[in-house]
Number of protein chains: 2
Amino acid sequence: MSIATSEVTNRRDPGRTRQRLLMAGFEEVYRSGFQGCDLNAILGKAGVTKGALYHHFDSKDALGHAILEDVVAKITDDKWLTPLRESDTPLDTLITIIEGTFTDDEHAAGGCPLNNLAQEMSRVEEGFRARTAALFTTWIDTVADALTRAQAQGSLRPEVDARAQAQFVVAAYEGYMSIAKSLQSGAVLEAGVRQLVSHLNSLRPEPQNG
Amino acid sequence: MSIATSEVTNRRDPGRTRQRLLMAGFEEVYRSGFQGCDLNAILGKAGVTKGALYHHFDSKDALGHAILEDVVAKITDDKWLTPLRESDTPLDTLITIIEGTFTDDEHAAGGCPLNNLAQEMSRVEEGFRARTAALFTTWIDTVADALTRAQAQGSLRPEVDARAQAQFVVAAYEGYMSIAKSLQSGAVLEAGVRQLVSHLNSLRPEPQNG
DNA sequence: ATTGACATACCAACCGGTATGTATGTTTAT
DNA sequence: ATAAACATACATACCGGTTGGTATGTCAAT
(Lines give C-alpha, C1' and ligand atoms only; values in the text may rest on other atoms or scores of the structure.)
Protein backbone atom coordinates (compact mmCIF):
# COMPACT_ATOMS: atom_id res chain seq x y z
CA MET A 1 0.00 0.00 0.00
CA SER A 2 1.40 3.38 -0.93
CA ILE A 3 2.01 6.11 1.63
CA ALA A 4 -1.05 8.20 0.87
CA THR A 5 -3.83 6.14 -0.58
CA SER A 6 -6.70 8.57 -0.47
CA GLU A 7 -6.12 11.47 1.90
CA VAL A 8 -4.10 13.62 -0.49
CA THR A 9 -6.14 15.77 -2.85
CA ASN A 10 -6.63 13.31 -5.64
CA ARG A 11 -7.73 14.75 -8.92
CA ARG A 12 -10.22 11.91 -9.07
CA ASP A 13 -12.47 12.04 -6.01
CA PRO A 14 -16.07 11.13 -6.86
CA GLY A 15 -17.34 11.57 -3.33
CA ARG A 16 -15.90 15.03 -3.08
CA THR A 17 -17.15 16.01 -6.53
CA ARG A 18 -20.65 14.84 -5.72
CA GLN A 19 -20.58 16.72 -2.43
CA ARG A 20 -19.42 19.91 -4.13
CA LEU A 21 -22.26 19.62 -6.63
CA LEU A 22 -24.77 19.10 -3.84
CA MET A 23 -23.54 22.07 -1.81
CA ALA A 24 -23.33 24.42 -4.80
CA GLY A 25 -26.71 23.19 -5.98
CA PHE A 26 -28.24 23.77 -2.57
CA GLU A 27 -26.95 27.34 -2.43
CA GLU A 28 -28.16 28.22 -5.91
CA VAL A 29 -31.56 26.63 -5.32
CA TYR A 30 -31.79 28.48 -2.02
CA ARG A 31 -31.11 31.75 -3.86
CA SER A 32 -33.20 31.41 -6.98
CA GLY A 33 -35.52 28.50 -6.45
CA PHE A 34 -35.21 25.22 -8.30
CA GLN A 35 -36.89 26.25 -11.54
CA GLY A 36 -35.15 29.60 -11.49
CA CYS A 37 -31.63 28.39 -10.84
CA ASP A 38 -29.09 27.82 -13.60
CA LEU A 39 -27.14 24.58 -13.94
CA ASN A 40 -24.12 26.44 -15.29
CA ALA A 41 -24.09 28.66 -12.22
CA ILE A 42 -24.04 25.55 -10.07
CA LEU A 43 -21.19 24.13 -12.12
CA GLY A 44 -19.23 27.35 -11.80
CA LYS A 45 -19.67 27.46 -8.05
CA ALA A 46 -18.80 23.78 -7.69
CA GLY A 47 -15.78 24.13 -9.95
CA VAL A 48 -16.68 21.15 -12.10
CA THR A 49 -18.04 20.71 -15.58
CA LYS A 50 -21.27 19.48 -17.00
CA GLY A 51 -19.77 16.10 -17.71
CA ALA A 52 -19.15 15.59 -14.01
CA LEU A 53 -22.69 16.67 -13.15
CA TYR A 54 -24.34 14.30 -15.59
CA HIS A 55 -22.05 11.51 -14.51
CA HIS A 56 -23.33 11.75 -10.94
CA PHE A 57 -26.94 12.73 -11.65
CA ASP A 58 -29.33 11.77 -14.41
CA SER A 59 -31.03 15.14 -14.71
CA LYS A 60 -31.56 18.50 -13.07
CA ASP A 61 -34.53 16.98 -11.25
CA ALA A 62 -32.36 14.15 -9.94
CA LEU A 63 -29.90 16.69 -8.55
CA GLY A 64 -32.79 18.48 -6.84
CA HIS A 65 -33.99 15.22 -5.32
CA ALA A 66 -30.51 14.48 -4.01
CA ILE A 67 -30.27 17.97 -2.53
CA LEU A 68 -33.45 17.24 -0.58
CA GLU A 69 -32.38 13.76 0.52
CA ASP A 70 -28.83 14.68 1.48
CA VAL A 71 -28.41 18.38 2.25
CA VAL A 72 -31.87 19.44 3.46
CA ALA A 73 -32.45 16.21 5.35
CA LYS A 74 -29.15 16.63 7.17
CA ILE A 75 -29.99 20.19 8.17
CA THR A 76 -33.24 19.21 9.88
CA ASP A 77 -31.54 16.16 11.31
CA ASP A 78 -28.80 18.18 12.94
CA LYS A 79 -31.07 20.97 14.19
CA TRP A 80 -34.13 19.02 15.25
CA LEU A 81 -34.22 15.26 14.96
CA THR A 82 -30.96 14.15 16.55
CA PRO A 83 -31.15 16.49 19.56
CA LEU A 84 -34.75 15.47 20.20
CA ARG A 85 -34.04 11.75 19.93
CA GLU A 86 -31.03 11.90 22.20
CA SER A 87 -32.62 14.13 24.82
CA ASP A 88 -33.65 13.02 28.30
CA THR A 89 -35.65 16.22 28.74
CA PRO A 90 -37.53 16.38 25.44
CA LEU A 91 -39.71 19.40 26.20
CA ASP A 92 -36.78 21.52 27.31
CA THR A 93 -34.78 20.39 24.31
CA LEU A 94 -37.64 21.28 21.97
CA ILE A 95 -37.82 24.76 23.45
CA THR A 96 -34.05 25.15 23.20
CA ILE A 97 -34.15 24.15 19.54
CA ILE A 98 -36.85 26.69 18.77
CA GLU A 99 -35.01 29.39 20.69
CA GLY A 100 -31.91 28.56 18.67
CA THR A 101 -33.52 29.91 15.53
CA PHE A 102 -31.45 32.63 13.89
CA THR A 103 -33.61 35.74 14.02
CA ASP A 104 -31.60 38.27 12.05
CA ASP A 105 -33.18 39.80 8.95
CA GLU A 106 -30.68 38.04 6.70
CA HIS A 107 -31.70 34.57 7.83
CA ALA A 108 -35.36 35.56 7.92
CA ALA A 109 -35.24 36.66 4.28
CA GLY A 110 -33.89 33.28 3.27
CA GLY A 111 -36.75 31.26 4.61
CA CYS A 112 -36.74 27.57 5.39
CA PRO A 113 -34.94 25.55 2.68
CA LEU A 114 -37.37 22.68 3.07
CA ASN A 115 -40.45 24.85 2.89
CA ASN A 116 -39.04 26.85 -0.01
CA LEU A 117 -38.69 23.73 -2.12
CA ALA A 118 -41.94 22.23 -0.88
CA GLN A 119 -44.01 25.26 -1.81
CA GLU A 120 -42.35 25.81 -5.17
CA MET A 121 -42.19 22.24 -6.40
CA SER A 122 -44.94 20.20 -4.74
CA ARG A 123 -47.44 20.74 -7.53
CA VAL A 124 -44.83 20.83 -10.27
CA GLU A 125 -43.07 17.50 -9.89
CA GLU A 126 -44.15 14.53 -7.81
CA GLY A 127 -40.60 13.51 -6.88
CA PHE A 128 -40.11 16.77 -5.03
CA ARG A 129 -43.51 16.56 -3.37
CA ALA A 130 -42.96 13.02 -2.13
CA ARG A 131 -39.55 13.87 -0.71
CA THR A 132 -40.60 17.09 1.03
CA ALA A 133 -43.64 15.28 2.41
CA ALA A 134 -41.41 12.53 3.77
CA LEU A 135 -39.19 15.09 5.48
CA PHE A 136 -42.16 16.92 7.01
CA THR A 137 -43.63 13.64 8.22
CA THR A 138 -40.40 12.50 9.85
CA TRP A 139 -40.02 15.92 11.45
CA ILE A 140 -43.54 15.88 12.89
CA ASP A 141 -43.23 12.25 14.00
CA THR A 142 -40.02 12.96 15.86
CA VAL A 143 -41.51 15.96 17.65
CA ALA A 144 -44.56 13.86 18.49
CA ASP A 145 -42.35 11.15 19.97
CA ALA A 146 -40.52 13.74 22.03
CA LEU A 147 -43.80 15.14 23.35
CA THR A 148 -45.05 11.64 24.18
CA ARG A 149 -41.86 10.94 26.11
CA ALA A 150 -42.30 14.27 27.90
CA GLN A 151 -45.75 13.11 28.88
CA ALA A 152 -44.43 9.80 30.15
CA GLN A 153 -42.02 11.58 32.47
CA GLY A 154 -44.67 14.00 33.68
CA SER A 155 -43.35 17.21 32.17
CA LEU A 156 -46.31 17.53 29.83
CA ARG A 157 -50.00 17.35 30.66
CA PRO A 158 -51.34 13.86 30.02
CA GLU A 159 -54.50 15.06 28.28
CA VAL A 160 -52.77 16.90 25.42
CA ASP A 161 -52.74 15.28 21.99
CA ALA A 162 -49.02 14.89 21.36
CA ARG A 163 -49.38 14.31 17.65
CA ALA A 164 -51.68 17.30 17.13
CA GLN A 165 -49.32 19.49 19.13
CA ALA A 166 -46.34 18.28 17.12
CA GLN A 167 -48.14 19.09 13.88
CA PHE A 168 -49.03 22.47 15.34
CA VAL A 169 -45.46 23.29 16.36
CA VAL A 170 -44.03 22.44 12.96
CA ALA A 171 -46.83 24.21 11.09
CA ALA A 172 -46.66 27.38 13.17
CA TYR A 173 -42.87 27.39 12.97
CA GLU A 174 -42.95 27.12 9.17
CA GLY A 175 -45.68 29.71 9.01
CA TYR A 176 -43.65 32.27 10.91
CA MET A 177 -40.68 31.43 8.69
CA SER A 178 -42.84 32.11 5.64
CA ILE A 179 -44.18 35.45 6.81
CA ALA A 180 -40.75 36.52 8.03
CA LYS A 181 -39.26 35.65 4.64
CA SER A 182 -41.69 37.85 2.77
CA LEU A 183 -41.41 40.69 5.28
CA GLN A 184 -37.63 40.19 5.51
CA SER A 185 -38.15 40.56 9.22
CA GLY A 186 -36.17 38.90 11.94
CA ALA A 187 -38.52 40.55 14.42
CA VAL A 188 -41.39 38.41 13.13
CA LEU A 189 -39.27 35.32 13.74
CA GLU A 190 -38.49 36.49 17.27
CA ALA A 191 -42.17 36.99 17.95
CA GLY A 192 -42.87 33.53 16.59
CA VAL A 193 -40.25 31.94 18.79
CA ARG A 194 -41.67 33.65 21.86
CA GLN A 195 -45.21 32.67 20.95
CA LEU A 196 -44.29 29.03 20.39
CA VAL A 197 -42.20 28.75 23.54
CA SER A 198 -44.95 30.36 25.56
CA HIS A 199 -47.46 27.91 24.10
CA LEU A 200 -45.28 24.90 24.89
CA ASN A 201 -44.77 26.07 28.47
CA SER A 202 -48.52 26.40 28.85
CA LEU A 203 -48.76 22.67 28.20
CA ARG A 204 -46.75 21.82 31.32
CA PRO A 205 -48.67 20.40 34.28
CA GLU A 206 -49.84 22.76 37.03
CA PRO A 207 -47.36 22.77 39.89
CA GLN A 208 -48.85 20.52 42.59
CA ASN A 209 -49.21 22.23 45.99
CA GLY A 210 -48.62 20.21 49.16
CA MET B 1 -76.17 57.58 -26.11
CA SER B 2 -76.76 54.42 -28.12
CA ILE B 3 -78.92 51.60 -26.87
CA ALA B 4 -76.12 49.28 -25.81
CA THR B 5 -72.99 51.16 -24.96
CA SER B 6 -70.94 48.47 -23.33
CA GLU B 7 -73.06 45.55 -22.18
CA VAL B 8 -73.15 43.70 -25.49
CA THR B 9 -70.16 41.48 -26.18
CA ASN B 10 -67.95 43.91 -28.02
CA ARG B 11 -65.08 42.37 -29.88
CA ARG B 12 -62.94 45.18 -28.51
CA ASP B 13 -63.20 45.09 -24.73
CA PRO B 14 -59.91 45.98 -23.05
CA GLY B 15 -61.25 45.48 -19.55
CA ARG B 16 -62.45 42.01 -20.38
CA THR B 17 -59.22 41.11 -22.18
CA ARG B 18 -57.14 42.26 -19.24
CA GLN B 19 -59.33 40.31 -16.85
CA ARG B 20 -59.07 37.15 -18.95
CA LEU B 21 -55.28 37.49 -18.95
CA LEU B 22 -55.25 37.95 -15.19
CA MET B 23 -57.48 34.96 -14.55
CA ALA B 24 -55.65 32.66 -16.96
CA GLY B 25 -52.34 33.88 -15.57
CA PHE B 26 -53.46 33.24 -12.03
CA GLU B 27 -54.48 29.68 -12.83
CA GLU B 28 -51.26 28.86 -14.65
CA VAL B 29 -49.13 30.43 -11.93
CA TYR B 30 -51.13 28.51 -9.34
CA ARG B 31 -50.38 25.28 -11.21
CA SER B 32 -46.75 25.67 -12.16
CA GLY B 33 -45.39 28.57 -10.17
CA PHE B 34 -44.40 31.87 -11.71
CA GLN B 35 -41.00 30.88 -13.04
CA GLY B 36 -42.33 27.55 -14.21
CA CYS B 37 -45.40 28.76 -16.03
CA ASP B 38 -45.51 29.36 -19.77
CA LEU B 39 -46.74 32.61 -21.28
CA ASN B 40 -48.10 30.78 -24.32
CA ALA B 41 -50.14 28.51 -22.06
CA ILE B 42 -51.61 31.61 -20.44
CA LEU B 43 -52.42 33.08 -23.84
CA GLY B 44 -54.09 29.86 -24.96
CA LYS B 45 -56.20 29.68 -21.83
CA ALA B 46 -57.14 33.34 -22.07
CA GLY B 47 -57.92 33.03 -25.77
CA VAL B 48 -55.87 36.04 -26.77
CA THR B 49 -52.55 36.54 -28.47
CA LYS B 50 -49.19 37.79 -27.37
CA GLY B 51 -49.93 41.20 -28.84
CA ALA B 52 -52.82 41.59 -26.44
CA LEU B 53 -50.71 40.53 -23.49
CA TYR B 54 -47.90 42.94 -24.21
CA HIS B 55 -50.37 45.69 -24.91
CA HIS B 56 -51.72 45.41 -21.36
CA PHE B 57 -48.52 44.45 -19.53
CA ASP B 58 -44.90 45.47 -19.98
CA SER B 59 -43.40 42.11 -19.13
CA LYS B 60 -44.06 38.72 -17.59
CA ASP B 61 -43.05 40.18 -14.24
CA ALA B 62 -45.59 43.01 -14.65
CA LEU B 63 -48.31 40.43 -15.28
CA GLY B 64 -47.28 38.60 -12.13
CA HIS B 65 -47.39 41.82 -10.13
CA ALA B 66 -50.89 42.56 -11.45
CA ILE B 67 -52.01 39.03 -10.55
CA LEU B 68 -50.93 39.71 -6.98
CA GLU B 69 -52.49 43.17 -6.81
CA ASP B 70 -55.77 42.26 -8.45
CA VAL B 71 -56.56 38.55 -8.22
CA VAL B 72 -54.78 37.45 -5.06
CA ALA B 73 -55.63 40.64 -3.21
CA LYS B 74 -59.30 40.20 -4.06
CA ILE B 75 -59.31 36.61 -2.80
CA THR B 76 -58.01 37.57 0.64
CA ASP B 77 -60.26 40.61 0.63
CA ASP B 78 -63.37 38.56 -0.01
CA LYS B 79 -62.50 35.75 2.39
CA TRP B 80 -60.93 37.67 5.25
CA LEU B 81 -60.68 41.44 5.15
CA THR B 82 -64.18 42.54 4.17
CA PRO B 83 -66.04 40.14 6.51
CA LEU B 84 -63.77 41.14 9.39
CA ARG B 85 -64.14 44.85 8.77
CA GLU B 86 -67.91 44.68 8.48
CA SER B 87 -68.43 42.40 11.45
CA ASP B 88 -69.96 43.46 14.76
CA THR B 89 -68.75 40.24 16.36
CA PRO B 90 -65.14 40.12 15.14
CA LEU B 91 -63.99 37.08 17.10
CA ASP B 92 -66.93 34.97 15.96
CA THR B 93 -66.42 36.14 12.41
CA LEU B 94 -62.73 35.28 12.54
CA ILE B 95 -63.56 31.79 13.72
CA THR B 96 -66.21 31.41 11.03
CA ILE B 97 -63.71 32.47 8.37
CA ILE B 98 -61.17 29.93 9.54
CA GLU B 99 -63.80 27.22 9.72
CA GLY B 100 -64.79 28.10 6.17
CA THR B 101 -61.48 26.78 4.86
CA PHE B 102 -61.93 24.10 2.22
CA THR B 103 -60.39 20.99 3.71
CA ASP B 104 -60.55 18.50 0.87
CA ASP B 105 -57.30 17.01 -0.44
CA GLU B 106 -57.70 18.82 -3.73
CA HIS B 107 -57.70 22.26 -2.17
CA ALA B 108 -55.03 21.24 0.31
CA ALA B 109 -52.68 20.22 -2.51
CA GLY B 110 -53.05 23.62 -4.10
CA GLY B 111 -51.82 25.59 -1.16
CA CYS B 112 -52.37 29.28 -0.53
CA PRO B 113 -51.92 31.35 -3.71
CA LEU B 114 -50.37 34.20 -1.76
CA ASN B 115 -47.94 32.01 0.13
CA ASN B 116 -47.05 30.07 -3.01
CA LEU B 117 -45.94 33.23 -4.77
CA ALA B 118 -44.34 34.68 -1.66
CA GLN B 119 -42.15 31.65 -1.03
CA GLU B 120 -41.15 31.17 -4.64
CA MET B 121 -40.49 34.76 -5.61
CA SER B 122 -39.54 36.77 -2.52
CA ARG B 123 -35.81 36.26 -2.96
CA VAL B 124 -35.93 36.24 -6.73
CA GLU B 125 -37.54 39.57 -7.57
CA GLU B 126 -38.13 42.48 -5.25
CA GLY B 127 -41.42 43.51 -6.89
CA PHE B 128 -42.99 40.23 -5.89
CA ARG B 129 -41.56 40.39 -2.38
CA ALA B 130 -42.81 43.91 -1.78
CA ARG B 131 -46.30 43.05 -2.99
CA THR B 132 -46.65 39.81 -1.05
CA ALA B 133 -45.30 41.58 2.03
CA ALA B 134 -47.90 44.32 1.61
CA LEU B 135 -50.66 41.74 1.38
CA PHE B 136 -49.45 39.86 4.45
CA THR B 137 -49.18 43.11 6.38
CA THR B 138 -52.69 44.24 5.47
CA TRP B 139 -54.00 40.81 6.35
CA ILE B 140 -52.33 40.80 9.77
CA ASP B 141 -53.33 44.40 10.43
CA THR B 142 -56.97 43.69 9.69
CA VAL B 143 -57.01 40.65 11.97
CA ALA B 144 -55.31 42.71 14.66
CA ASP B 145 -57.96 45.41 14.32
CA ALA B 146 -60.68 42.80 14.63
CA LEU B 147 -59.10 41.37 17.76
CA THR B 148 -58.72 44.85 19.26
CA ARG B 149 -62.38 45.53 18.60
CA ALA B 150 -63.23 42.18 20.17
CA GLN B 151 -61.31 43.28 23.23
CA ALA B 152 -63.15 46.60 23.34
CA GLN B 153 -66.47 44.79 23.45
CA GLY B 154 -65.30 42.35 26.09
CA SER B 155 -65.25 39.16 24.03
CA LEU B 156 -61.48 38.87 24.24
CA ARG B 157 -59.26 39.03 27.32
CA PRO B 158 -57.85 42.53 27.78
CA GLU B 159 -54.33 41.33 28.55
CA VAL B 160 -53.73 39.52 25.26
CA ASP B 161 -51.50 41.21 22.68
CA ALA B 162 -53.87 41.62 19.75
CA ARG B 163 -51.13 42.26 17.20
CA ALA B 164 -49.06 39.26 18.32
CA GLN B 165 -52.14 37.06 18.21
CA ALA B 166 -53.03 38.31 14.74
CA GLN B 167 -49.54 37.54 13.50
CA PHE B 168 -49.82 34.14 15.13
CA VAL B 169 -53.17 33.33 13.52
CA VAL B 170 -51.96 34.23 10.03
CA ALA B 171 -48.62 32.48 10.49
CA ALA B 172 -50.12 29.28 11.86
CA TYR B 173 -52.81 29.29 9.20
CA GLU B 174 -50.23 29.62 6.42
CA GLY B 175 -48.06 27.03 8.09
CA TYR B 176 -50.84 24.45 8.10
CA MET B 177 -51.58 25.33 4.48
CA SER B 178 -47.93 24.70 3.63
CA ILE B 179 -47.68 21.33 5.34
CA ALA B 180 -51.05 20.26 3.95
CA LYS B 181 -49.93 21.19 0.45
CA SER B 182 -46.84 19.01 0.63
CA LEU B 183 -48.71 16.13 2.27
CA GLN B 184 -51.69 16.65 -0.06
CA SER B 185 -53.77 16.20 3.06
CA GLY B 186 -57.06 17.84 3.80
CA ALA B 187 -56.95 16.15 7.19
CA VAL B 188 -53.96 18.28 8.15
CA LEU B 189 -55.96 21.37 7.25
CA GLU B 190 -58.88 20.16 9.36
CA ALA B 191 -56.58 19.63 12.32
CA GLY B 192 -55.19 23.09 11.81
CA VAL B 193 -58.61 24.66 11.74
CA ARG B 194 -59.59 22.90 14.96
CA GLN B 195 -56.34 23.88 16.66
CA LEU B 196 -56.68 27.54 15.66
CA VAL B 197 -60.33 27.78 16.64
CA SER B 198 -59.60 26.13 19.95
CA HIS B 199 -56.77 28.57 20.55
CA LEU B 200 -58.94 31.58 19.75
CA ASN B 201 -61.70 30.35 22.06
CA SER B 202 -59.13 30.01 24.84
CA LEU B 203 -58.54 33.74 24.57
CA ARG B 204 -62.13 34.55 25.57
CA PRO B 205 -62.66 35.92 29.08
CA GLU B 206 -63.61 33.51 31.90
CA PRO B 207 -67.36 33.50 32.39
CA GLN B 208 -68.05 35.73 35.41
CA ASN B 209 -70.00 33.99 38.18
CA GLY B 210 -72.51 36.05 40.24
C1' DA C 1 -57.64 60.39 -39.43
C1' DT C 2 -55.73 59.25 -35.50
C1' DT C 3 -55.30 56.52 -31.47
C1' DG C 4 -56.19 52.46 -28.91
C1' DA C 5 -56.59 47.49 -29.15
C1' DC C 6 -55.40 43.89 -30.64
C1' DA C 7 -53.33 39.80 -34.29
C1' DT C 8 -49.41 37.66 -36.79
C1' DA C 9 -44.96 36.53 -37.53
C1' DC C 10 -40.64 36.30 -35.99
C1' DC C 11 -36.33 36.70 -33.31
C1' DA C 12 -32.58 35.83 -30.26
C1' DA C 13 -30.89 34.12 -26.21
C1' DC C 14 -30.94 31.06 -22.68
C1' DC C 15 -30.39 26.54 -20.94
C1' DG C 16 -31.06 21.64 -20.16
C1' DG C 17 -29.28 17.95 -22.20
C1' DT C 18 -26.08 15.11 -25.29
C1' DA C 19 -22.26 13.38 -28.08
C1' DT C 20 -17.78 12.65 -27.89
C1' DG C 21 -13.10 12.64 -26.31
C1' DT C 22 -9.73 11.62 -22.67
C1' DA C 23 -7.40 10.84 -18.47
C1' DT C 24 -7.36 7.96 -14.46
C1' DG C 25 -8.01 3.96 -11.82
C1' DT C 26 -9.18 -1.31 -11.64
C1' DT C 27 -9.40 -5.93 -13.00
C1' DT C 28 -7.80 -9.93 -15.53
C1' DA C 29 -5.02 -12.95 -18.20
C1' DT C 30 -0.50 -14.55 -18.89
C1' DA D 1 4.98 -8.51 -12.52
C1' DT D 2 3.00 -6.56 -16.33
C1' DA D 3 0.32 -5.38 -20.00
C1' DA D 4 -4.05 -5.67 -22.05
C1' DA D 5 -8.82 -4.79 -21.39
C1' DC D 6 -12.19 -2.48 -19.27
C1' DA D 7 -14.76 0.73 -16.29
C1' DT D 8 -15.05 5.02 -13.99
C1' DA D 9 -14.69 9.94 -13.83
C1' DC D 10 -14.54 13.50 -15.70
C1' DA D 11 -13.75 17.69 -19.74
C1' DT D 12 -15.19 20.10 -24.12
C1' DA D 13 -18.09 21.40 -27.52
C1' DC D 14 -22.35 21.74 -29.29
C1' DC D 15 -27.32 21.09 -30.27
C1' DG D 16 -32.07 22.40 -30.53
C1' DG D 17 -36.20 23.31 -28.30
C1' DT D 18 -38.29 26.46 -25.37
C1' DT D 19 -39.68 31.00 -24.23
C1' DG D 20 -39.83 35.81 -23.19
C1' DG D 21 -39.98 39.54 -25.93
C1' DT D 22 -40.48 42.56 -30.37
C1' DA D 23 -41.65 44.53 -34.91
C1' DT D 24 -45.13 45.20 -37.82
C1' DG D 25 -49.70 44.97 -39.71
C1' DT D 26 -54.75 45.49 -39.14
C1' DC D 27 -59.19 46.56 -37.41
C1' DA D 28 -62.36 49.23 -34.68
C1' DA D 29 -64.00 53.36 -32.33
C1' DT D 30 -64.17 58.33 -31.78
Side-chain angles (χ1 to χ4, degrees), chain A residues 1-25 28-29 31-67 120-121 124-125 127-128, chain B residues 1-25 28-29 31-67 120-121 124-125 127-128:
Chain A
M1 188 190 263
S2 65
I3 296 175
T5 312
S6 66
E7 287 309 319
V8 186
T9 309
N10 279 335
R11 278 181 51 81
R12 286 290 181 87
D13 191 338
R16 177 185 155 87
T17 299
R18 185 188 145 92
Q19 203 58 29
R20 289 184 63 84
L21 282 168
L22 287 175
M23 291 308 297
E28 284 301 302
V29 170
R31 293 178 72 91
S32 316
F34 180 78
Q35 303 184 97
C37 79
D38 182 1
L39 275 190
N40 292 318
I42 295 176
L43 297 177
K45 182 169 279 188
V48 299
T49 63
K50 203 166 278 191
L53 170 64
Y54 278 91
H55 172 75
H56 286 282
F57 304 99
D58 286 342
S59 62
K60 190 189 182 188
D61 278 4
L63 173 63
H65 297 166
I67 289 173
E120 180 193 354
M121 297 303 296
V124 175
E125 208 266 329
F128 281 86
Chain B
M1 188 188 265
S2 65
I3 296 176
T5 312
S6 64
E7 287 310 318
V8 187
T9 307
N10 280 335
R11 276 184 47 81
R12 287 294 174 89
D13 190 338
R16 177 183 155 89
T17 299
R18 185 188 145 91
Q19 203 57 29
R20 288 185 63 84
L21 282 167
L22 287 175
M23 292 307 298
E28 285 299 303
V29 169
R31 293 178 72 92
S32 317
F34 180 78
Q35 302 183 97
C37 80
D38 182 2
L39 276 190
N40 292 318
I42 295 176
L43 298 177
K45 183 169 278 187
V48 299
T49 63
K50 203 164 278 193
L53 170 65
Y54 277 91
H55 173 74
H56 287 281
F57 304 99
D58 286 342
S59 62
K60 190 189 181 188
D61 277 5
L63 173 63
H65 297 165
I67 289 172
E120 180 194 354
M121 296 303 295
V124 175
E125 208 267 328
F128 282 86

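We name chains A, B, ... by the order of the sequence lines, and we start the count at 1 in each one. Bear in mind the structure is a predicted one, so any value in this text is a computation, not a measurement. The basis for the numbers below is simple: all heavy atoms, side chains too, and nothing from hydrogens, waters or symmetry mates.
By the side-chain contact (heavy atoms from CB on, under 4.5 Å) test, A:Val124 is found to be paired with A:Gln35, A:Met121, residues two or more places apart in sequence or in another chain being considered. For B:Lys50, the salt bridge (Lys or Arg N to Asp or Glu O under 4.0 Å) test picks out no residue, with sequence neighbours left out. For B:Arg18, the salt bridge (Lys or Arg N to Asp or Glu O under 4.0 Å) test picks out B:Asp70, with sequence neighbours left out. Applying the side-chain contact (heavy atoms from CB on, under 4.5 Å) test to B:Ala24 and every residue at least two apart in sequence or in another chain returns B:Ile42, B:Lys45, B:Ala46. Considering only residues two or more places apart in sequence or on other chains, A:Glu120 meets the salt bridge (Lys or Arg N to Asp or Glu O under 4.0 Å) condition with none of them.
Between B:Thr17 and the phosphate of C:dC6, there is a side-chain N or O to OP1/OP2 separation shorter than 4.0 Å.
Of the two residues near DNA chain C, A:Gly36 and B:Arg18, the one whose nearest nucleotide lies more 5' is B:Arg18.
Against DNA chain C, the stretch residues 54-65 of chain A makes heavy-atom approaches under 4.0 Å through A:Tyr54, A:Ser59, A:Lys60. Heavy-atom distances under 4.0 Å link DNA chain C to A:Asp38, A:Leu39, A:Lys50 of residues 38-53 of chain A, given in residue order.
With rounding to whole Å, A:Arg16 atom CZ is found 11 Å from D:dC10 atom P. The nearest whole Å value for the distance from the CZ atom in A:Arg20 to the C1' atom in D:dA9 is 16 Å.
Residue pairs satisfying the salt bridge (charged side-chain N to carboxylate O under 4.0 Å, His left out) criterion with at least one member in residues 31-43 of chain A, sequence neighbours excluded, are absent. Every pair passing side chain to side chain donor-acceptor pair (under 3.5 Å) that includes a residue from residues 55-65 of chain A is listed here, sequence neighbours excluded: A:His65-A:Glu125.
What you find for A:Ala66 and A:Leu22 is that their closest heavy atoms are CB-CD2, 3.7 Å.
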